[in-house]
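Values below: all heavy atoms of this structure, side chains included; hydrogens, waters and symmetry mates excluded.
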Amino acid sequence: QVQLVESGGGLVQPGVSLTLSCAASGSIDYISDMRWYRQTPGNERELVATITSGGSNYLPDSVKDRFTIARDNAKNTVYLQMNSLKPEDTAVYYCSAYVLRRTTWSWYWGQGTEVTVSS
């Protein structure tokens with residue numbers, strides 16, 4: 001079994017910074033990509049950032065000037081640094097990881113952490 005647990009969400013005012021963390025645990029042989037998504041009720045799930053085991057990363061234009069993704073492979077943890085937060089960043093943020101267990105690759109998901117940006 002593999003578990004992903006997100007943390008770091010909260011209620012903040014516009015312009016503030018937040019760092020989200022996601023730690024993977026369980027029977028894991030290897031993790032390739034780790035990703036952050038966000039979702040608001042009534043909207044599609046949106047990719048926020050992705051990072052490979054080697055540190056190559058991608059962020060869409062909507063956030064790339066303000067957000068940064070990083071990971072600590074020794075801790076099986078991925079981080080999302082969010083700067084200059086805007087009300088439109090309000091969402092539940094989920095992390096996912098592509099995990100090798102024995103000979104099987106599977107995507108795993110955390111339960112989400114809520115970020116609310118409001119004045």
Side-chain angles (χ1 to χ4, degrees):
Q1 241 292 300
V2 175
Q3 298 84 39
L4 301 179
V5 179
E6 302 99 332
S7 61
L11 172 62
V12 298
Q13 293 185 324
V16 169
S17 296
L18 269 183
T19 299
L20 307 182
S21 300
C22 173
S25 62
S27 181
I28 297 170
D29 290 321
Y30 195 79
I31 303 177
S32 60
D33 288 8
M34 302 187 82
R35 294 175 174 177
W36 286 98
Y37 292 83
R38 66 187 182 186
Q39 189 167 31
T40 302
N43 295 109
E44 295 288 318
R45 180 187 60 200
E46 176 188 17
L47 177 67
V48 177
T50 184
I51 186 168
T52 69
S53 60
S56 299
N57 60 76
Y58 166 81
L59 298 91
D61 290 344
S62 58
V63 303
K64 67 178 175 60
D65 292 334
R66 299 181 294 118
F67 292 7
T68 302
I69 188 170
R71 66 190 280 175
D72 184 338
N73 290 339
K75 294 180 176 293
N76 283 338
T77 299
V78 63
Y79 307 92
L80 183 67
Q81 175 70 51
M82 304 185 293
N83 300 320
S84 302
L85 282 164
K86 304 175 179 180
E88 51 263 46
D89 296 318
T90 296
V92 178
Y93 284 72
Y94 299 91
C95 76
S96 65
Y98 198 49
V99 176
L100 176 64
R101 302 178 70 233
R102 288 175 288 155
T103 60
T104 301
W105 287 96
S106 302
W107 280 103
Y108 290 88
W109 292 81
Q111 80 294 330
T113 186
E114 187 171 352
V115 173
T116 302
V117 185
S118 177
S119 59

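Note that CD of E46 and CD of Q39 are 10.0 Å apart. Values are rounded to the nearest 0.5 Å. If you take OG1 on T68 and CG on N57, they are separated by 8.0 Å, rounding to the nearest 0.5 Å. Note: I31 CD1 to S96 OG = 10.5 Å, rounded to the nearest 0.5 Å. T52 OG1 to R35 CZ: the interatomic distance, rounded to the nearest 0.5 Å, is 10.5 Å.
In this structure, N73 and S53 approach most closely via the heavy-atom pair ND2-O, 2.9 Å. Among all heavy-atom pairs drawn from A24 and L4, the shortest one is CB-CD2, 3.1 Å. Counting all heavy atoms, side chain and backbone alike, L47 lies closest to P60 at O-CG, 3.4 Å. In terms of heavy-atom proximity, Q81 sits nearest to S17 at NE2-CB, 3.9 Å. Closest heavy-atom contact between I69 and I51: CD1-CG2, 3.6 Å. Minimum heavy-atom separation, V48 to V63: O-CG2, 3.4 Å.
No side-chain donor from either of S119 and Q13 sits under 3.5 Å from a side-chain acceptor of the other.
Hydrophobic clustering of Ile, Leu, Val, Met, Phe, Trp and Tyr side chains at less than 4.5 Å, counting indirect connections, unites L100 with Y98. Both V2 and M34 are assigned to one and the same hydrophobic cluster, defined by single-linkage of ILVMFWY side chains at heavy-atom distances under 4.5 Å. Y58 is connected to Y37 through a chain of hydrophobic side-chain contacts under 4.5 Å among Ile, Leu, Val, Met, Phe, Trp and Tyr, so both are in one cluster. By the rule that hydrophobic residues join a cluster once side-chain heavy atoms approach within less than 4.5 Å of another member, V117 and L18 end up as members of one cluster. Linking Ile, Leu, Val, Met, Phe, Trp and Tyr whenever their side-chain heavy atoms come within less than 4.5 Å puts V78 and L59 in one cluster.
A donor-acceptor pair under 3.5 Å is formed between the side chain of T40 and the backbone N or O of T90.
Sorted by first and then second residue, the pairs that involve residues 100-113 and meet side-chain hydrogen bond (donor to acceptor under 3.5 Å, both in side chains), not counting sequence neighbours, are E6-Q111. Annotation: salt bridge (Lys or Arg N to Asp or Glu O under 4.0 Å) contacts involving residues 75-89, sequence neighbours excluded, comprise R38-D89, R66-D89.
For the side-chain contact (heavy atoms from CB on, under 4.5 Å) test with L20, the passing option among F67, Y94, Y93 is Y93; the others fail.
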